Amino acid sequence: MEGLWLVVLVIFVMALSVQSQLKTGFYSTSCSKAEAIVRSTVESYFKKDPTIAAGLLRLHFHDCFVQGCDGSVLIAGSSSERNALPNLGLRGFEVIDDAKSQIEALCPGVVSCADILALAARDAVDLSDGPSWSVPTGRRDGRVSSSSQASNLPSPLDTVAVQKKNFSDKGLDDHDLVTLVGAHTIGQTHCQFIRYRLYNFTTTGNADPTINQSFLPQLQALCPRNGDGTKPVPLDKDSQTDFDTSFFKNVRDGNGVLESDQRLWDDAATHKAGGRDSDFN
Ligand code: HEM
Ligand SMILES: *[C@@H]1O[C@H](CO)[C@@H](O)[C@H](O)[C@H]1NC(C)=O
Ligand SMILES: *[C@@H]1O[C@H](CO)[C@@H](O)[C@H](O)[C@H]1NC(C)=O
Ligand SMILES: *[C@@H]1O[C@H](CO)[C@@H](O)[C@H](O)[C@H]1NC(C)=O
């Protein structure tokens with residue numbers, strides 16, 4: 001369970017490091033119902049589709065990784081962050097919009113979208129039977145959102161060395177990297193992002209040899225050689241909607257779905273970083 005709490009802690013620290021004047025219950029007098037509205041809104045979408053939780057958590061991560069947790073990922077526009085390549089698959093915007101409209105009706109111009117997103121991600125993890133945590137609020141929404149800035153979001157094709165560098169540029173160490181990627185215990189990817197591992201990996205004519213031999217035929221059945229690239233694939237093969245620790249066991253057993261997830265086991269530093277707190281055990 002330790003790994004889970006670290007995910008939470010690191011998200012919390014990421015949020016804090018950006019703005020230092022946040023406090024728990026920032027809206028307790030100016031808009032006392034704000035947190036409850038976010039909670040009930042996330043709950044109602046979650047009841048219809050539990051996979052939305054993963055969408056909200058990833059949305060929060062992609063917001064925070066570019067210019068801090070300032071809501072800039074939510075801004076519409078052809079050259080905004082939202083339209084950058086790594087963000088095209090983001091989902092859950094409608095949940096934030098819905099909560100924002102209800103809150104605006106009650107207390108116009110008070111609660112930031114950035115806070116609504118940070119709260120929604122917390123509630124989404126909690127509803128997925130993960131841990132809960134208190135979210136300090138008082139973020140101000142950014143006014144700048146540019147797709148070129150979103151190019152620093154991690155790619156599943158980057159080496160571990162690049163991931164480590166890109167996270168350390170944000171003050172996050174190897175252990176933070178491994179822990180945060182543990183968020184892939186919920187949610188999904190798509191055949192187009194993993195098929196290259198399944199058939200002709202690095203043009204050898206074979207699959208990526210690090211894929212578990214019993215898992216490989218399952219992935220190949222899900223993603224045939226010339227099949228639909230937009231077909232969803234769970235990131236955690238056994239419990240896609242539970243925020244548990246099975247992601248780390250999967251990676252240990254060669255059952256990581258994204259190449260970048262599986263490589264964390266091969267790299268000495270991230271292997272050890274995971275091991276230090278038994279994430280991989
Ligand atoms: C090395 C760092 C990371 C890489 C390379 C990475 C890459 C990816 C990719 C490729 C997907 C699938 C996208 C798709 O198929 O549409 C994904 C999904 C996801 N990522 Fe990450 N990610 C990283 C770190 C993180 C972190 C730090 C978090 C949150 C704390 C996170 C949360 C998620 C979630 C929840 C999903 C599922 C989204 C859904 O179901 O809609 N990821 N990630
Ligand atoms: C990520 O790290 C790589 C390798 O150090 C570097 O070339 C790249 O610019 C970094 N990406 C960003 C935009 O942070
Ligand atoms: C794998 O890819 C290489 C390079 O594109 C190609 O020459 C080769 O025929 C492919 N092998 C298989 C088995 O598809
Ligand atoms: C392959 O995955 C299964 C669980 O799905 C696990 O029991 C087994 O140990 C894994 N094999 C290897 C070589 O890690």
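Numbers here simply count residues along the sequence, with the first being 1. Quick caveat, the model's predicted, so the values are computed rather than measured. Order of listing sets the numbers, starting from 1, for every ligand and every atom in it.
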Quiz item: Who's touching ligand 3 if we go heavy atoms under 4.0 Å?
Solution: Asn200, Thr203, Gly205, Arg225
Exercise. Using distance alone, decide if ligand 1 has a nitrogen or oxygen within less than 3.5 Å of any nitrogen or oxygen in Thr51.
Key: no
Practice problem: Check whether the side chains of Gln102 and Thr41 place a donor and an acceptor atom closer than 3.5 Å, and report yes or no. | Solution: yes
Practice problem: Report yes or no: does Leu235 have a heavy atom closer than 4.0 Å to ligand 1? | Solution: yes
Practice problem: Ignoring hydrogens and angles, state whether a donor on the side chain of Asn83 or Ser78 is under 3.5 Å from an acceptor on the partner side chain. | Solution: no
Quiz item: Out of Ala183, Ala54, Cys64, who gets a non-hydrogen atom closest to atom 29 (C) of ligand 1?
Solution: Ala183
Self-check item: N/O donor-acceptor pair under 3.5 Å between Thr159 side chain and Val162 backbone
Solution: yes
Practice problem: Under the side-chain hydrogen bond (donor to acceptor under 3.5 Å, both in side chains) rule, what do Asp238 and Ser246 come out as? Steps first, then yes or no, please. | Solution: CA-CA 8 Å; Asp238 295 322; Ser246 49; over 6 Å; no
Practice problem: Look only at interatomic distance and state if Asp253 has a nitrogen or oxygen under 3.5 Å from any nitrogen or oxygen of ligand 4. | Solution: yes
Quiz item: So among Asp261, Asn250, Thr189, which one has a side chain to side chain donor-acceptor pair (under 3.5 Å) with His184?
Solution: Asp261
Quiz item: Which atoms form the tightest heavy-atom contact between Ala221 and Lys231, and what is the distance?
Solution: O-NZ, 4.3 Å
Quiz item: If you count the atoms of ligand 4 from 1 in the order shown, which ones are under 4.0 Å from a heavy atom of Asn212?
Solution: 1 (C), 2 (O), 3 (C), 8 (C), 10 (C), 11 (N), 12 (C), 14 (O)
Exercise. Report the C-alpha separation of Thr270 and Arg263 in whole Å, then their side-chain angles, then the decisive distance to 0.1 Å, and conclude whether the side chain to side chain contact (heavy atoms under 4.5 Å, CB included) test is met.
Key: CA-CA 9 Å; Thr270 49; Arg263 294 293 164 258; over 6 Å; no
Quiz item: With a cut-off of 4.0 Å, which atoms of ligand 1 are near a heavy atom of Phe193?
Solution: 14 (C), 15 (O), 16 (O)
Exercise. Using heavy-atom distances, let me know which of Ile52, Leu258, Val160 sits nearest atom 9 (C) of ligand 1.
Key: Leu258
Quiz item: Is Asp176 salt-bridged to Lys170, going by a charged N under 4.0 Å from an acidic O?
Solution: no
Exercise. Can you see which heavy atom on Cys223 is nearest to which on Ile194, and at what distance?
Key: SG-CD1, 4.1 Å
Quiz item: Heavy atom of Arg252 under 4.0 Å from ligand 4?
Solution: no
Quiz item: Can a salt bridge be assigned to the pair Glu43 and Arg39 using a cut-off of 4.0 Å between side-chain N and carboxylate O?
Solution: yes
Quiz prompt | Per-atom contacts, ligand 1 versus Gly187 - under 4.0 Å to a heavy atom | solution = 37 (C), 40 (O)
Exercise. Within a distance under 4.0 Å of any heavy atom of Ser260, pick out the atoms of ligand 1 and give their elements.
Key: 5 (C)
Exercise. For Lys237, take its heavy atoms, then give the atoms of ligand 4 lying under 4.0 Å from any of them.
Key: 5 (O)
Quiz item: Do you know which two heavy atoms are closest between Asp70 and Val66, and how far apart they sit?
Solution: OD1-O, 4.1 Å
Practice problem: From atom 20 (N) of ligand 1, work out which of Gln240, His184, Gln192 has a heavy atom at the shortest distance. | Solution: His184
Quiz item: Nearest heavy atom to atom 16 (O) of ligand 1: which of Gln188, Arg91, Gln163, His190 does it belong to?
Solution: His190
Quiz item: Quick one: which ligand 1 atoms are inside 4.0 Å of a heavy atom on Thr189?
Solution: 12 (C), 14 (C), 15 (O)
Quiz item: What residues form a disulfide (SG to SG under 2.5 Å) with Cys31, not counting sequence neighbours?
Solution: Cys107
Quiz item: Between Asp141 and Gly71, is there a donor-acceptor pair closer than 3.5 Å when you use the side chain of the first and the backbone of the second?
Solution: no
